[in-house]
Amino acid sequence: MTPDWSLESSAAQLQTAVGTTTSVAALLRDANRDIASCNSAQQQALPENYDRTDYPLTSGQILHSSEKFCWDPGDSKVDYWIPQGVTGSSDADDDGLWGENRILLVSWHYKASGPDKGVRISFVDMKNRKYRHVLLVEPTANANYKAVPIHAGGLAWLGHYLYVADTSGGLRVFDVERLLEVSDAQDSIGKSGSNYYAYNYKYVLPQVGWYRQPVQTECETPSAVQLCFSSLSLDRSSTPDTLVVGEYRNERSTDAAVDGGRVVRYRVDASSRQLTLTSGKAVPQDVVTVPRSNLQGVQTWKDTYYLGRSSNRRHSWMHFGSLGGTTSTNSWAIGGEDLYHEHGPGITAGKLWTVSEHAWTEDRSTFIDRRAIFAVPLSQIG
């Protein structure tokens, strides 16, 4: 991939025009929504409630969440914002905190008619059990910005950079130290008169960089010449850290180059938290074609690959295994998405988080209430 940091100057110009930046800590103090305990319907999405008789599992294969929460009633039910990616302060810093705060970030992509409002990020304060949404924006000319109309299926928080998967394009990079407060009084985007707006959101997070892949056609089916950037995670057990890209493929392929999708890892510079370059390009450290399809989230840790599968609105499976070996299977969520490893003390094995996406039936006619965020101890998978 080719790095492009040309948006940094536009982000700086925007910051000057809007005013001073807002810190993540200040944003959390201004959190305006409460996370909730999960109701009985939402708990049905969890892996401990696996109920499939067509693919029965033994009791030893059933995973149990060690931590969980759900959204406020409006976000649990909204049908035009869909949760996708997840990361947190454990990715961002060695001690697992950003400043003094333990934080989860969740991306939501917009799915409705009319202007595409792009992507919002939920900043979740895990101690105070509150959160606030922030709109991602791409700076444009003349100190303005526009929405970022991508799926945002994966997130990874590296230092002050938030990496966001752009399915066809590669990776977009946002800077959490450039959070900006704007007016939430108007359902529009960008500058109007003397004010800046962001579809009624009070905060925006500007993009500062890209890593672009050379072929950028619409990435619905993986091919040997184009990677689909479907999910994203950070492996802090490797030296250096590696950014892990997972590729979603709907069912397996007879093409051995793509099969069930690929897992691609990129080295991360320990100081800059940017991707390591070879001859000016971000080149994969390794590429693995996996024998499992429909993977919504991938995490690697200590040479083990953790592969979170989806099965529409039914429980699915967490597959895991090492290179050259077979994969084993545990229960997983209904509608589980991206994966995030919140490491333990001293960057040891911790817990694996995901977010489940389904609030409605596929035709959006019936509310099924299956959105939840949960974690499973990594030691339990196996």
Side-chain angles (χ1 to χ4, degrees), residues 21-43 45-46 65 67-90 92 97-112 117-137 147-148 152 155 157 162 164 174 176 179-187 189 196-205 333 335 337-338 340 342 353-360 367-375:
T21 57
T22 297
S23 68
V24 173
L27 172 74
L28 295 179
R29 290 194 294 270
D30 197 27
N32 60 346
R33 303 185 187 213
D34 296 313
I35 63 175
S37 298
C38 298
N39 62 36
S40 58
Q42 292 161 345
Q43 291 192 49
L46 302 177
S65 58
E67 191 170 1
K68 58 183 177 290
F69 66 88
C70 286
W71 305 107
D72 84 349
D75 289 328
S76 291
K77 193 169 186 176
V78 64
D79 67 345
Y80 49 84
W81 285 109
I82 316 295
Q84 295 292 307
V86 60
T87 184
S89 51
S90 181
L97 305 175
W98 188 254
E100 299 179 354
N101 302 108
R102 178 181 174 227
I103 307 169
L104 283 185
L105 271 55
V106 174
S107 63
W108 306 63
H109 80 87
Y110 189 73
K111 190 175 182 180
K117 297 182 180 182
V119 178
R120 69 182 189 184
I121 304 291
S122 302
F123 281 72
V124 183
D125 183 337
M126 296 297 288
K127 179 181 179 180
N128 294 316
R129 297 180 63 81
K130 297 181 76 69
Y131 67 99
R132 186 160 200 135
H133 301 310
V134 173
L135 195 74
L136 296 185
V137 296
V148 180
L155 298 178
W157 187 0
L162 177 64
V164 181
F174 299 78
V176 300
L179 273 168
L180 298 173
E181 182 178 345
V182 297
S183 173
D184 58 1
Q186 191 166 299
D187 188 22
I189 188 73
Y196 286 88
Y197 301 98
Y199 294 125
N200 296 122
Y201 291 101
K202 187 177 179 180
Y203 297 94
V204 298
L205 184 61
E337 289 290 313
D338 193 31
Y340 157 55
E342 184 178 26
W353 286 89
T354 194
V355 56
S356 58
E357 67 174 331
H358 297 309
W360 296 80
F367 180 54
I368 58 174
D369 201 12
R370 295 293 191 269
R371 284 183 182 160
I373 307 93
F374 70 89

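Not measured: the values here are computed from a predicted model.
Judged purely by atom type and a 3.5 angstrom limit, N200 uses its side chain to pair as donor or acceptor with the backbone of D184. Panel note: side chain S356, backbone G335; no donor-acceptor pair is recorded below 3.5 Å. Judged by distance alone, the side chain of R370 and the main-chain N or O of E357 form no donor-acceptor pair under 3.5 Å. The closest donor-acceptor contact from the side chain of S183 to the backbone of A185 lies under 3.5 Å. Within the 3.5 Å criterion, the main-chain N or O of S90 finds a donor-acceptor partner in the side chain of Y340. In this structure, the side chain of S65 does not engage the main chain of A375 through any donor-acceptor pair within 3.5 Å.
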**Study point:** Verdict with reasoning, L180 to V137, per side-chain contact (heavy atoms from CB on, under 4.5 Å)
**Key:** CA-CA 10 Å; L180 298 173; V137 296; over 6 Å; no

**Study point:** side-chain contact (heavy atoms from CB on, under 4.5 Å) evaluation trace for V78 with W71
**Key:** CA-CA 11 Å; V78 64; W71 305 107; over 6 Å; no

Point to revise | Full working for side-chain contact (heavy atoms from CB on, under 4.5 Å) between M126 and L104 | key: CA-CA 7 Å; M126 296 297 288; L104 283 185; 3.9 Å; yes

Practice item. Evaluate the side-chain contact (heavy atoms from CB on, under 4.5 Å) criterion for residues R371 and I82: first the C-alpha distance (whole Å), next the side-chain angles of each, then the deciding distance (0.1 Å), finally the verdict. Key: CA-CA 10 Å; R371 284 183 182 160; I82 316 295; 3.7 Å; yes

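Here H109 pairs with H151 under the ring-ring contact (aromatic ring centres under 6.0 Å, His included) rule; sequence neighbours left out. W157 is linked by a side-chain hydrogen bond (donor to acceptor under 3.5 Å, both in side chains) to nothing, counting only residues two or more places apart in sequence or in another chain. With sequence neighbours left out, Y196 forms a ring-ring contact (aromatic ring centres under 6.0 Å, His included) with Y145. Applying the ring-ring contact (aromatic ring centres under 6.0 Å, His included) criterion to F123, with sequence neighbours excluded, gives no partner residue. Remark: Y110 engages Y80, W81 in a ring-ring contact (aromatic ring centres under 6.0 Å, His included) (not counting sequence neighbours).
Side-chain atoms of R120 and Y201 form a donor-acceptor pair, as typed in the model, at a separation below 3.5 Å.
K68 places a side-chain heavy atom less than 4.5 Å from the side chain of Q43. A 4.5 Å side-chain heavy-atom check between I189 and Y197 finds every atom pair outside the cut-off. Inter-residue side-chain proximity for Y131 and V106 is flagged as unmet; no heavy-atom pair is nearer than 4.5 Å. The closest side-chain heavy-atom distance from I373 to I35 is not below 4.5 Å.
R132 and D30 get closest at one heavy-atom pair: NH1-O, 2.6 Å. In terms of heavy atoms, L205 sits closest to F174 at O-CD2, 3.4 Å. Heavy-atom minimum distance, A147 versus K117: CB-O, 3.7 Å. For the residue pair I121 and S107, the shortest heavy atom distance occurs at CD1-CB, 3.6 Å. Shortest non-hydrogen contact noted between P83 and V355 is CB-CG2, 3.8 Å. The two residues A41 and I368 have their closest heavy-atom pair at CB-O, 4.2 Å.
Between the CG atom in N32 and the CG atom in D72 there is a gap of 8.5 Å [rounded to 0.5 Å]. Distance check, rounded to the nearest 0.5 Å: OG of S89 to CD of E342 gives 6.5 Å. Once rounded to the nearest 0.5 Å, the distance linking CG of D369 with NE2 of H358 reads 13.0 Å. One distance of note links NZ of K130 with CG of D34; it measures 3.5 Å at 0.5 Å rounding.
Under the 30°/60° scheme for interplanar angles, the aromatic rings of H133 and W108 are found to stand perpendicular.
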Below 3.5 Å, can you tabulate the donor-acceptor pairs from side chains in residues 21-28 to any protein atom, sequence neighbours excluded?
residue : atom : partner : partner atom : Å
S23     : OG   : A26     : N            : 3.0

